[in-house]
Visitor: 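Questions regarding the structure given below will be posed in turn.
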Amino acid sequence: QVQLVESGGGQVQAGGSLRLSCAASGRTFSSYTMGWFRQAPGKEREFVATINWSGAVTYYADSVKGRFTISRVNAKNTVYLQMNSLKPEDTAVYYCAVEQGLRVPRLPNEYDYWGQGTQVTVSS
């Protein structure tokens, strides 16, 4: 069982920045793929970014490419999502997730564990 706790959400004006953190339990964090997803009201959960176990492989949704950066510190069992140049359409609940294999997937149903989410609200 893996437990994930997100933090760092909040309200920010358009053009601002936030950094989300996701702390994971477990001794094998360094072997997990970690992903960030988001879900806006009335919409399906969508992929934002993912990072493999070493940090050498990352993928981003086109909508956030060039603005968001995913990173991890395995010694701290933590993955981050740096979000810059935020837009109102980035408003959503952001979730981190764990994939326990060696894949680096972009579909929610390929992830094994989820955090409770953190709200990000971007005002215009």
Side-chain angles (χ1 to χ4, degrees):
Q1 189 80 7
V2 177
Q3 293 184 328
L4 303 171
V5 179
E6 301 99 333
S7 61
Q11 186 164 355
V12 64
Q13 288 192 328
S17 298
L18 284 173
R19 187 176 81 155
L20 306 184
S21 299
C22 173
S25 65
R27 299 178 183 177
T28 56
F29 173 82
S30 60
S31 67
Y32 301 154
T33 288
M34 300 297 297
W36 284 99
F37 291 79
R38 66 187 182 187
Q39 189 166 17
K43 295 188 177 181
E44 293 187 351
R45 192 166 298 190
E46 66 172 359
F47 168 74
V48 174
T50 185
I51 186 167
N52 80 326
W53 66 274
S54 69
V57 178
T58 58
Y59 296 113
Y60 296 91
D62 288 343
S63 59
V64 306
K65 202 171 294 184
R67 300 187 298 122
F68 290 11
T69 302
I70 189 170
S71 62
R72 65 190 297 160
V73 178
N74 287 341
K76 295 184 177 181
N77 278 19
T78 302
V79 63
Y80 302 97
L81 185 68
Q82 178 66 44
M83 306 186 295
N84 298 330
S85 302
L86 283 161
K87 305 175 181 180
E89 51 264 44
D90 294 318
T91 295
V93 177
Y94 283 70
Y95 299 89
C96 69
V98 166
E99 198 281 322
Q100 293 182 294
L102 296 177
R103 300 172 299 164
V104 193
R106 279 162 271 195
L107 295 177
N109 60 8
E110 296 189 84
Y111 284 77
D112 302 304
Y113 296 98
W114 293 83
Q116 82 290 347
T118 186
Q119 177 71 47
V120 171
T121 303
V122 184
S123 57
S124 57

Visitor: May I ask you to test the Y59-F47 pair for a side-chain heavy-atom distance under 4.5 Å?
Guide: yes
Visitor: Is the side chain of S25 donor-acceptor paired with the backbone N or O of Q3 at a distance under 3.5 Å, no angle test?
Guide: yes
Visitor: Hey, could you give me each pair passing disulfide bond (SG atoms under 2.5 Å apart) that has a residue in residues 11-123? Not counting sequence neighbours.
Guide: C22-C96
Visitor: Looking at residues at least two apart in the chain, or sitting in another chain, which of them share a side-chain hydrogen bond (donor to acceptor under 3.5 Å, both in side chains) with D90?
Guide: R38, R67
Visitor: Applying a strict under-4.5 Å side-chain criterion to I, L, V, M, F, W and Y, I'd like to know whether V120 and V79 cluster together.
Guide: yes
Visitor: Who passes side-chain hydrogen bond (donor to acceptor under 3.5 Å, both in side chains) against Q119, sequence neighbours left out?
Guide: T121
Visitor: Transitively linked via ILVMFWY side-chain contacts under 4.5 Å: L18 with I70?
Guide: yes
Visitor: Using atom types as modelled and distance alone, determine if a side-chain donor or acceptor of T118 lies under 3.5 Å from a backbone N or O of S7.
Guide: no
Visitor: Does Q100 have any side-chain hydrogen bond (donor to acceptor under 3.5 Å, both in side chains) partners at least two apart in sequence or in another chain, and if so, which?
Guide: none
Visitor: W114: which residues meet the ring-ring contact (aromatic ring centres under 6.0 Å, His included) condition with it, sequence neighbours left out?
Guide: F37
Visitor: Taking Q116's backbone N and O only, do any of them form a donor-acceptor pair with E6's side chain (distance below 3.5 Å, no angle check)?
Guide: yes
Visitor: Are Y80 and R19 close enough that some pair of their side-chain heavy atoms sits under 4.5 Å apart?
Guide: yes
Visitor: Listed by chain and number, what are the side chain to side chain contact (heavy atoms under 4.5 Å, CB included) partners of S31, not counting sequence neighbours?
Guide: T28
Visitor: Take M34 and L4 through the test side-chain contact (heavy atoms from CB on, under 4.5 Å) and record every step on the way to the result.
Guide: CA-CA 11 Å; M34 300 297 297; L4 303 171; 4.1 Å; yes
Visitor: Does atom CG (L102) have a neighbourhood of more than 12 heavy atoms from anything else shown, all under 6.0 Å?
Guide: no
Visitor: When rounded to the nearest 0.5 angstrom, what is the spacing between OH in Y32 and CG in N52?
Guide: 15.0 Å
Visitor: Step by step, would you call D112 with V2 a side-chain contact (heavy atoms from CB on, under 4.5 Å)?
Guide: CA-CA 9 Å; D112 302 304; V2 177; over 6 Å; no
Visitor: To the nearest 0.5 Å, what is the distance between CH2 (W36) and CG (L20)?
Guide: 4.5 Å
Visitor: Can you name the nearest heavy-atom pair linking R103 to E110, along with the distance?
Guide: NH1-OE1, 2.9 Å
Visitor: Hydrophobic cluster membership, with links at side-chain heavy-atom distances under 4.5 Å among I/L/V/M/F/W/Y: are M83 and V12 in one?
Guide: yes
Visitor: Between N77 and F29, is there a donor-acceptor pair closer than 3.5 Å when you use the side chain of the first and the backbone of the second?
Guide: no
Visitor: So which heavy atom on A92 is nearest to which on A40, and how close?
Guide: CB-N, 3.8 Å
Visitor: Check for a donor-acceptor pair, side chain of N84 on one end and backbone N or O of T69 on the other, with a separation under 3.5 Å.
Guide: no
Visitor: What about Y95 and F68, same hydrophobic cluster or not, with Ile/Leu/Val/Met/Phe/Trp/Tyr joined at side-chain heavy-atom distances under 4.5 Å?
Guide: no
Visitor: When rounded to the nearest 0.5 angstrom, what is the spacing between OG in S124 and CD in Q13?
Guide: 9.0 Å
Visitor: Keeping Y111 on the side-chain end and P105 on the backbone end, is there a donor-acceptor pair under 3.5 Å?
Guide: yes
Visitor: Let me confirm one number: the CZ-OG1 distance from R72 to T58, rounded to the nearest 0.5 Å.
Guide: 11.5 Å
